[in-house]
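Encoded as structure tokens, the structure appears first; notes follow it.
Not measured: the values here are computed from a predicted model. For ligands, and for the atoms within them, numbers begin at 1 and follow the listed sequence.
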Amino acid sequence: MKNILESSFFKKMRDIIYGMYHHGWDERNGGNVSLLVTDEELEGYIDKNVVIRTIPFDFCAEKLAGKYFLVTSSGKYFRNVVCSPETTLGLIRIAKDGHHAELLWGFEDGGVFTSEFPSHMKCHMQRLEVDPENRVIMHCHPTNILAMNCVHELDEISITRDMWKMGTECIVVFPEGIGVLPWMLCGTNEIGDATSEKMKEYRLVIWGMHGIYACGKNLDEAFGLIETLEKAAEIYMLTSTQKRINTITDDQLRLLANFFKVNYKKGVID
Ligand code: 2HA
Ligand code: ZN
């Protein structure tokens with residue numbers, strides 16, 4: 001059997017998580033990531049017949065039965081994923097009944113998946129219906145997005161408009177806009193249901209006064225979405241106490257959208 005730590009999916013997960021930590025998005029045990037790993041990618045790295053233990057959960061993920069996920073552990077620090085991958089990550093398969101995870105690798109100190117497992121699995125189920133190629137759900141606490149939460153109304157249309165205007169690339173990177181949820185109790189099925197509902201339309205969902213959720217076909221896409229929004233929020237915050245004398249106009253946003261052929265959310269600048 002080959003060493004899973006040498007697999008390309010594992011190395012990418014490790015590097016992206018370290019990048020998230022280095023951006024300051026994941027203090028202490030903040031943040032969580034889940035990556036759907038295919039049968040083919042796992043071939044030769046894991047004996048799929050050896051289940052280390054099963055971990056129950058209290059929602060139905062039957063639509064994901066038989067699918068494999070590399071997922072961050074509950075309570076562990078992103079900072080330690082490089083030095084202690086076997087305790088900070090786990091590889092699970094969703095069991096046939098849709099109510100258990102079968103552990104195949106990792107969580108070595110008896111740990112379990114992230115407390116935000118309901119949000120992750122509910123979002124995977126939703127996104128696979130919208131985009132069968134979706135593979136990643138990513139959550140973190142970027143500083144400027146959170147700072148903006150303190151001073152900006154938590155409204156999807158006005159946040160989308162203001163973020164599109166903070167950087168020329170924004171309308172091209174997230175033309176569908178940004179979903180926004182009010183503050184809710186995290187770690188619950190309810191916030192998972194609300195987030196997955198938003199992910200019918202959006203790949204970026206702000207959790208009011210908490211952080212951000214993103215999804216993507218791969219780790220780079222989810223990371224890049226957060227990175228672009230975080231940059232826009234940083235520029236918004238850096239200029240929030242200044243008199244803004246220049247802006248990207250509505251006409252310029254339309255020009256960008258037409259040139260890059262993106263189908264942008266209606267009702268924001270119209
Ligand atoms: O896992 O970020 O939302 C720590 C968190 C909870
Ligand atoms: Zn969080």
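For atom 6 (C) of ligand 1, the closest non-hydrogen atom of the protein is E116 OE2, 3.1 Å. Protein heavy atom at the shortest distance from atom 4 (C) of ligand 1 is N29 O, 3.2 Å. Nearest protein neighbour of atom 1 (O) of ligand 1, counting heavy atoms only, is N32 ND2, 3.0 Å.
Annotation for H120 and T114: closest pair CD2-CG2, 4.4 Å, computed over non-hydrogen atoms.
Hydrophobic cluster membership differs between I4 and L36, with clusters built from Ile, Leu, Val, Met, Phe, Trp and Tyr side chains linked at under 4.5 angstrom.
Contact annotation: H141 places an N, O or S atom under 2.8 Å from the Zn ion (ligand 2). In summary, C140 places no N/O/S atom under 2.8 Å from the Zn ion (ligand 2), failing the contact criterion.
Here the CH2-CD distance, from W25 to E227, works out to 5.0 Å after rounding to the nearest 0.5 Å.
Between G31 and ligand 1, a contact under 3.5 Å exists for at least one N or O pair. Considering backbone and side-chain N/O of H141, one or more are found under 3.5 Å from N/O of ligand 1.
Remark: R244 qualifies as a cation-pi partner of Y236 under the 6.0 Å distance and 45° angle criteria applied to the six-membered ring. Note that K266 lies in the cation-pi zone of Y264, set by a 6.0 Å cut-off to the ring centre and a 45° limit from the axis.
Atom CG of N258 is surrounded by more than 12 heavy atoms from other residues, nucleotides or ligands within 6.0 Å. Within 6.0 Å of atom NZ in K231, 12 or fewer heavy atoms from other residues, nucleotides or ligands are found, so the atom counts as exposed in its surroundings.
Against a heavy-atom cut-off of under 4.0 Å, H210 is close to the following atoms of ligand 1: 3 (O). Residue H139 has at least one heavy-atom neighbour below 4.0 Å for each of these atoms of ligand 1: 2 (O), 3 (O).
The minimum distance between the Zn ion (ligand 2) and any N, O or S atom of H210 involves atom NE2.
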